[in-house]
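Not measured: the values here are computed from a predicted model. Lettering of chains follows the sequences in order, A, B, ..., and the numbering in each one begins at 1.
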There are 2 protein chains.
Amino acid sequence: MALDHAILVSLLEKPGSGYELARRFDRSIGYFWTATHQQIYRVLARMEGDGLLAVREVPQQGRPDKKEYSVAGPGRSALAGWLHEPIEPESLRHDLAVKIRGVAFDDPAALVQEVERHHRAHSDRLARYLAGELRDFTGPDAPAPLDAGQELQHVVLRGGIAYERMTIAWLDDVLATLHRLGGTAPTATA
Amino acid sequence: MALDHAILVSLLEKPGSGYELARRFDRSIGYFWTATHQQIYRVLARMEGDGLLAVREVPQQGRPDKKEYSVAGPGRSALAGWLHEPIEPESLRHDLAVKIRGVAFDDPAALVQEVERHHRAHSDRLARYLAGELRDFTGPDAPAPLDAGQELQHVVLRGGIAYERMTIAWLDDVLATLHRLGGTAPTATA
DNA sequence: GAATACATGTAAGGGGTTACATGATTCT
DNA sequence: AGAATCATGTAACCCCTTACATGTATTC
């Protein structure tokens, strides 16, 4: 149910339409939570029905009108309540690791290209995160003393950066392992 | 749908009952995929119905009888097919990061205990992973030259270890940031 | 006597993914 | 003329989580 809370946080940072939220979930929020527009519209409608959000119809010129959502009082309370509840440390779901173990029953070399593709994807993400960090937090155009909200955004971004760096290093390890096994035929064909 | 494939891999490594699979998903497989017994029993029934798995009723003494599942021919083919299809790099879902950004609209100090709890949970996991590595791969009782399957299991475990180390370091960073903000009242109460 | 391990399930509900659907405007 | 951006939705399906349900054997 953390999508609800992610939307509350994002709308507290800045009110916006479903479409705008979907874009934020592709960028800044994307490094710790993903959501598609279909999901977002459904949740926005539900939360508005529950009185957690307020809507304002904003007519626009040369563009479709939009509904601008903002957090209502009960929405703020709901977020505060959740912040004070403990949550469980996440458990992983890593498809690629399943594949790596599965390839013991197939040809290890067949995975090399796949792992390289993932390596590129994570390198791209890291580059985007680093560019964002420079733009918003550490570069010359960033605000001089960061306020609390910005400090918190920065530490979350640092988490994303650490995750991508760790993943890239691990994928290098995986590639080296696959190459070492390259000459050998699959052993565990039990 | 990778639960299906995770089960196929696990049953190829060693046939077993639903109960045994659930235990593996709490241990070795747990560091890249989690599943509860309810999920596992349902998926096992479905896969057996689809002819991907074979069952054998095993009567036992002093214990309930069990159904031992193993991978049938079509199951092997299904896994091989999946291994050769590309998959998307995972996108994150990190509740704690949502909380960290949300605490800008609340009291940052309120999160310290929560973050410390997560820190302990990840430290515990790391300790378990390291013990497992020593037992199965790097210790004196580990098989001298590892076969391909063991090499692949080891590289996946190294991924789990790297993930936990990275996470612990990041949580230290988060704690330091929260303490730095400790004196300040929430700024972004917009 | 209570807790833990072994063993297998059903049922309800919620969340997420994928596909489908529409329509105006701006850019190449 | 076609693609991309802005903007909002519906519908079907699948996966996952949580709660409920049952029963034996062993260990503390």
| Can you check whether A:R46 has a side-chain N or O nearer than 4.0 Å to OP1 or OP2 of C:dG15? | yes
| field | Nearest to side-chain heavy atoms of A:Q60, which nucleotide of C:dC6, D:dA7, C:dT18 | value | D:dA7
| note | Assert: residue with more 5' nearest nucleotide on DNA chain C, out of A:G62 and B:S91, is B:S91
| said: Whether A:E57 and A:K66 form a salt bridge (side-chain N of Lys/Arg under 4.0 Å from carboxylate O of Asp/Glu) is what I want to check. | reply: no
| note | Ranking D:dC6, C:dA7, C:dG9 by distance to the side chain of B:E20, first place goes to C:dA7
| d(CZ, B:R24; P, C:dA7) in whole Å | 12 Å
| said: Please confirm whether the shortest side-chain N or O distance from A:S17 to OP1 or OP2 of D:dT8 is below 4.0 Å. | reply: yes
| task | Ignoring backbone atoms, establish whether B:Y19 has a side-chain N or O less than 4.0 Å from OP1 or OP2 of C:dT8. | result | no
| query | A:M47 has an atom CE; how far is it from atom P of C:dG14, in whole Å? | reply | 15 Å
| Whole angstrom value for the distance that separates P of D:dC16 from CD of A:E90 | 16 Å
| said: Could you tell me how far apart B:Q61 (CD) and C:dA5 (P) are, to the nearest whole angstrom? | reply: 23 Å
| message | Over all strands shown, is B:Q38 touching base, sugar-phosphate only, or nothing at heavy-atom distances under 4.0 angstrom? | response | base
| query | So, are B:E20 and B:R23 salt-bridged, with charged N and O less than 4.0 Å apart? | reply | no
| task | Determine: side-chain N/O of A:R93 to OP1/OP2 of D:dC16, distance under 4.0 Å, yes or no. | result | yes
| query | Ignoring hydrogens and angles, are the base of C:dT17 and the side chain of A:R42 linked by a donor-acceptor pair under 3.5 Å? | reply | yes
| Just how far, in rounded Å, is C1' of C:dG23 from NE2 of A:H37? | 14 Å
| Once the angle between the rings of A:F137 and A:H154 is folded into 0 to 90°, is it parallel (under 30°), tilted (30 to 60°) or perpendicular (over 60°)? | parallel
| Nearest-nucleotide pick for A:W33, side chain only, options being C:dG9, C:dG16, D:dG23 | C:dG16
| request: Quickly work out the A:Q39 CD to D:dC15 P distance and round it to whole Å. | output: 16 Å
| SB check B:E151 A:R180 (cutoff 4.0 Å) | yes
| query | Taking 4.0 angstrom as the limit, do B:D141 and B:R135 come out as a salt bridge? | reply | no
| field | Protein-nucleotide distance (B:E88, atom CD; C:dT18, atom P), rounded to Å | value | 9 Å
| query | With respect to the side chain of B:R23, which nucleotide from C:dA7, C:dC6, D:dC6 is positioned closest? | reply | C:dC6
| message | Could you tell me how far apart A:K66 (NZ) and D:dT5 (C1') are, to the nearest whole angstrom? | response | 14 Å
| task | Check whether any side-chain nitrogen or oxygen of A:Y41 sits under 4.0 Å from OP1 or OP2 of D:dT8, and answer yes or no. | result | yes
